[in-house]
J.: 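Dumping the structure here so I can ask a few things about it.
As the structure is a computational prediction, the values presented were derived from the model and not from experiment. Residue numbers count from 1 along this sequence.
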Amino acid sequence: PLYSSARQMCIRDRHKPDPQPLLLAADRLGGTPRTSAYVGDAGVDLRAAAAADMPGIGVLWGAGDRAELEPLATAGVARDVEALRALLLA
C-alpha cells in the first residue's frame, strides 16, 4: 500500500508554508521527510514541502495552475490521478 495509516491532526498555531504540520505527520506515520511526499494544489503547499525537505508533488485539479506549481514541485506535477500514482510510485 502507499500508506499504512492516515490520521487527522490540527496544529492551530502553525500553517503552511510552516513545515511543522508536515514533519509531524511524517513522524506520526513512522516516516521521515525523505521517505514521504506531500501532494498539493497550491504554491503554499509546495513551499511547505520544500521547507520540510520533503518531495512535493503538484496537482492540477485544484487552486493552482502549471505555471505556479511547476517551479515549486520538486517531485513533479500531475495532471490527473493516474499521473499522481506514477509519481508516487517512481
Side-chain angles (χ1 to χ4, degrees):
L2 293 177
Y3 56 88
S4 59
S5 65
R7 298 180 187 192
Q8 181 180 2
M9 62 182 187
C10 181
I11 301 176
R12 297 187 195 291
D13 61 338
R14 303 278 180 108
H15 304 281
K16 297 176 287 185
D18 187 309
Q20 194 57 40
L22 282 66
L23 296 170
L24 179 60
D27 182 64
R28 286 189 178 175
L29 291 169
T32 68
R34 299 308 302 160
T35 62
S36 304
Y38 192 69
V39 178
D41 67 350
V44 69
D45 298 325
L46 299 175
R47 284 191 290 279
D53 196 29
M54 188 176 288
I57 299 173
V59 295
L60 297 176
W61 56 83
D65 60 25
R66 186 174 292 279
E68 175 191 16
L69 301 177
E70 208 160 60
L72 301 169
T74 59
V77 175
R79 68 185 176 286
D80 56 31
V81 174
E82 183 176 313
L84 174 60
R85 184 177 190 276
L87 288 170
L88 289 169
L89 296 176

J.: Verify, without hydrogens or angle tests, whether Gln20 (side chain) and Arg14 (backbone) share a donor-acceptor contact under 3.5 angstrom.
T.: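 No, because the side chain of Gln20 does not come within donor-acceptor range (under 3.5 Å) of the backbone of Arg14.
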J.: Just grab all the side-chain hydrogen bond (donor to acceptor under 3.5 Å, both in side chains) pairs involving residues 55-67, residues at least two apart or on different chains.
T.: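 Output for this query lists Arg66-Glu70.
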J.: Check Met54 against Ala26 and note the closest heavy-atom contact, atom names and distance.
T.: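 Between these two residues, the closest heavy atoms are CE-CB, 4.1 Å.
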J.: Measure the spacing between CG of Leu29 and OG1 of Thr35 and express it to the nearest 0.5 Å.
T.: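 Spacing of CG (Leu29) from OG1 (Thr35) equals 9.5 Å.
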J.: For residues 37-52, which residue pairs pass the side-chain hydrogen bond (donor to acceptor under 3.5 Å, both in side chains) check, not counting sequence neighbours?
T.: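 Matches after skipping sequence neighbours: Lys16-Asp45.
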J.: Would you please name every residue forming a salt bridge (Lys or Arg N to Asp or Glu O under 4.0 Å) with Asp27, sequence neighbours left out?
T.: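 With neighbours one apart ignored, the set is empty.
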J.: Identify the two heavy atoms, one from Pro33 and one from Leu23, that lie closest to each other, and give their separation to 0.1 Å.
T.: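 Smallest heavy-atom distance, with atoms named: CG-CD2, 3.4 Å.
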J.: Which heavy atom of Gly58 sits nearest to which heavy atom of Ala73, and what is that distance?
T.: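 The answer is N-CB, 3.8 Å.
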J.: List the atom pairs, donor and acceptor, that lie under 3.5 Å between side-chain atoms in residues 77-84 and the rest of the protein, sequence neighbours left out.
T.:
from: Asp80; atom 1: OD1; to: Glu82; atom 2: N; distance (Å): 3.3
from: Asp80; atom 1: OD1; to: Ala83; atom 2: N; distance (Å): 2.8

J.: Does Leu60 share a hydrophobic cluster with Leu46, counting links as ILVMFWY side-chain heavy atoms below 4.5 Å and allowing steps through other members?
T.: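 Yes; tracing contacts between hydrophobic side chains, which count when under 4.5 Å, links both residues.
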J.: Going by side-chain contact (heavy atoms from CB on, under 4.5 Å), name the residues that satisfy it together with Asp53, two or more places apart in sequence or in a different chain.
T.: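 side-chain contact (heavy atoms from CB on, under 4.5 Å) check on Asp53 returns Arg34.
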J.: Mind checking what makes side-chain hydrogen bond (donor to acceptor under 3.5 Å, both in side chains) contact with Thr74, not counting sequence neighbours?
T.: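 Not a single residue meets the side-chain hydrogen bond (donor to acceptor under 3.5 Å, both in side chains) criterion with Thr74.
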